[in-house]
Amino acid sequence: MVRRSNLDLTFSSVGSSSLPNFAVKSLQTTLLNWYDQQGRDLPWRNTRDPYAIWVSEIMLQQTQVKTVIPYYERWLQAFPTVSDLAQAELDRVLKVWQGLGYYARARNLHKAAQEITRNSNGIFPSNVEQVLALPGIGRTTAGGILSAAFNQPLPILDGNVKRVLARLIALEVPPAKALNLLWQLSETLLEPEHPRDFNQALMDLGATVCTPKNPECDRCPWTFQCQAYHLGQQSNFPMRETSAPIPHKFIGVAVIWNEAQQILIDKRHPEGLLGGLWEFPGGKVEAGETLAECIKREIQEELGIEIAVGDHLITIEHAYTHFRVTLNVYHCQHINGIPQPIECEEIRWVTLEEIESYPFPKANIQIIEALKTFVASQVS
DNA sequence: AAAACGTGGAG
DNA sequence: TCTCCAAGTTT
């Protein structure tokens, strides 16, 4: 005797392939009608250019529409076509992306543009397998691009869709534990004649009505079919994963000046956290070490030079996804030795004016602002 | 397969 | 202040 899991019960209570036809049709029709009336007018919905749509899909990964819009407009100004992007320097690409976060997205966009230019003369592929093979494009993004650009009937499963579907079937486990089920459901529901509008509608529903907090069920076209709604448990779905507490790192950071009033910055390795971005050098404070000792040691280890640690400039609290940092930033003086890129990609002496043209992470932008204020106060 | 990977906004 | 999490992908 086979014991049925909660998953099976949940799914069969709605059915996927066994979902009655009338229910699917009804869901499709009501959603498409709702989209006609209530769908958002977004910049990337006014084009069928797969490149522009691709850019929007990448920017929208883990990022809200409101945040993306100005970046999207600027990006297309800077890189109007695949080959413009392919030919650009990575530094310039990262500069245009600066502030959007998850910088691997920009590096992958750049790399993929070069592949497309090399392999298909700059023409974005319309074949799913080829699209999926590009760096930075997974199943959801591939489905999003190809349904939006070419009206191909490919399902999507982003955060919005996971939430909408989890509520629709009152999914008894966190979405991450039921991805196969959710993909099947997204595929089953997809309206085969209007995949473009249907996918966009599903995302709009999640973003504007079936929101994480306080969903507006009285505006929803699906309440009649929604299990969570009928249980009166909309806000308890989707179920949450338990999250581990994140570490807090205490960092010493050096603004190293030379006699020419230039500042030493370094470029991070191309992979990993903030890969390819520039920063002020520094590192983690060890147990029993003062900030000045930490900074002196880190600079010796990373750049091979001797410095004197001077006045405090600013202290910055910053939260990343999986840890927090306190940046303790100090003015430093170059004493001797020629800086070597021991633990970074590249190093450079720059003036405060030049520094603006380099891509920096958010926390470092605050250091630059503090430096500008400091220099202005020195003059007066 | 769990962990890495940014930032901004909402409550 | 703090938690959650947003049009996810990669390793």
Side-chain angles (χ1 to χ4, degrees), chain A residues 39-40 42-45 53-72 94 97-109 111-112 131-148 154-166 174-177 179-180 182-183 186 196 199-208 210-215 235 238-248 268-277 279 316-325 359-366:
Chain A
R40 293 175 291 180
L42 301 173
W44 41 90
R45 288 185 182 163
I53 291 168
W54 169 38
V55 169
S56 76
E57 290 287 342
I58 300 298
M59 288 185 170
L60 287 161
Q61 289 170 2
Q62 305 288 161
T63 311
Q64 295 185 337
V65 165
K66 184 183 169 191
T67 304
V68 165
I69 289 176
Y71 279 91
Y72 173 80
L94 288 171
W97 195 273
Q98 176 181 294
L100 243 198
Y102 286 142
Y103 297 91
R105 294 183 294 173
R107 301 194 301 268
N108 285 150
L109 223 26
K111 189 177 173 194
V131 172
L132 237 18
L134 294 168
I137 300 184
R139 191 172 173 190
T140 285
T141 301
I145 296 170
L146 292 175
S147 62
L154 296 168
I156 56 172
L157 189 61
D158 66 358
N160 289 131
V161 180
K162 284 175 187 164
R163 184 173 56 256
V164 169
L165 299 185
K177 303 282 182 231
L179 291 181
N180 286 336
L182 291 168
W183 272 110
S186 180
R196 170 188 296 125
N199 281 343
Q200 298 298 316
L202 211 41
M203 290 190 283
D204 271 16
L205 186 65
T208 66
C210 195
T211 51
K213 294 160 200 163
N214 308 317
S235 296
M239 302 194 71
R240 289 195 208 145
E241 301 275 7
T242 56
S243 53
I246 63 176
H248 189 146
R268 296 174 62 88
H269 287 303
E271 305 297 325
L273 183 71
L274 306 169
L277 274 71
E279 66 178 5
I316 297 165
E317 299 289 343
H318 190 75
Y320 294 96
T321 309
H322 54 298
F323 64 92
R324 294 171 180 286
V325 291
F360 280 86
K362 170 69 186 332
N364 280 243
I365 297 293
Q366 295 181 61

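Naming convention: chains lettered A, B, ... in sequence-line order (proteins, then strands); numbering from 1 in each chain. As a basis for the values below, the full set of heavy atoms in this structure was taken, side chains included, without hydrogen atoms, waters or symmetry mates.
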Answer whether the closest heavy-atom distance between the side chains of [X] and [Y] falls below 4.5 Å.
X: A:Leu202; Y: A:Asn160; value: no
X: A:Ile365; Y: A:Gln98; value: yes
X: A:Leu274; Y: A:Tyr320; value: yes
X: A:Met59; Y: A:Leu109; value: no
X: A:Trp54; Y: A:Ile137; value: yes

Between [N] atom [atom2] and [X] atom [atom1], what is the distance in whole Å?
X: A:Trp44; N: C:dA7; atom1: CH2; atom2: P; value: 11 Å
X: A:Glu57; N: C:dA6; atom1: CD; atom2: C1'; value: 14 Å
X: A:Met239; N: C:dC4; atom1: CE; atom2: C1'; value: 16 Å
X: A:Leu277; N: B:dT7; atom1: CG; atom2: C1'; value: 13 Å
X: A:Glu317; N: C:dC2; atom1: CD; atom2: C1'; value: 13 Å
X: A:Lys66; N: B:dT7; atom1: NZ; atom2: P; value: 18 Å
X: A:Asp158; N: C:dT9; atom1: CG; atom2: C1'; value: 13 Å
X: A:Gln62; N: C:dC4; atom1: CD; atom2: P; value: 15 Å

So what does [X] touch, heavy atoms closer than 4.0 Å: a base, only the sugar-phosphate, or nothing?
X: A:Arg324; result: base
X: A:Trp97; result: nothing
X: A:Leu274; result: sugar-phosphate
X: A:Val68; result: nothing
X: A:Gly275; result: nothing
X: A:Arg268; result: nothing
X: A:Glu271; result: nothing
X: A:Ile137; result: sugar-phosphate
X: A:Gly144; result: nothing
X: A:Ala207; result: sugar-phosphate
X: A:Leu42; result: base

Would you kindly check whether a donor in the side chain of [X] faces an acceptor in the base of [N], or vice versa, at under 3.5 angstrom?
X: A:Arg40; N: C:dA7; result: yes
X: A:Thr63; N: B:dG8; result: no
X: A:Thr140; N: C:dG8; result: no

Distance test, side-chain N/O of [X] to OP1/OP2 of [N], below 4.0 Å:
X: A:His318; N: B:dG6; value: no
X: A:Arg107; N: B:dC5; value: no
X: A:Thr141; N: C:dT9; value: yes
X: A:His322; N: B:dC5; value: yes
X: A:Tyr102; N: C:dA6; value: no
X: A:Arg240; N: C:dT3; value: no
X: A:Lys213; N: C:dC4; value: no

task = Between A:Gln64 and A:Gly272, just flag the one whose closest nucleotide in DNA chain B comes earlier from the 5' side.
result = A:Gly272
ask   = Are A:Gln61 and A:Arg105 linked by a side-chain donor-acceptor pair shorter than 3.5 Å?
value = no
ask   = If you measure from the P atom in C:dA7 to the same atom in B:dA4, how many Å do you get, rounded?
value = 24 Å
ask   = Stepwise, does the side-chain contact (heavy atoms from CB on, under 4.5 Å) test hold for A:Tyr72 with A:Leu60?
value = CA-CA 10 Å; A:Tyr72 173 80; A:Leu60 287 161; over 6 Å; no
inquiry  = Both A:Gly138 and A:Arg163 contact DNA chain C. Taking the nearest nucleotide for each, which residue is further toward the 5' end?
reply    = A:Arg163
note = Regarding the side chain of A:Asn108, the nearest nucleotide among C:dT10, C:dA6, C:dA7 is C:dT10
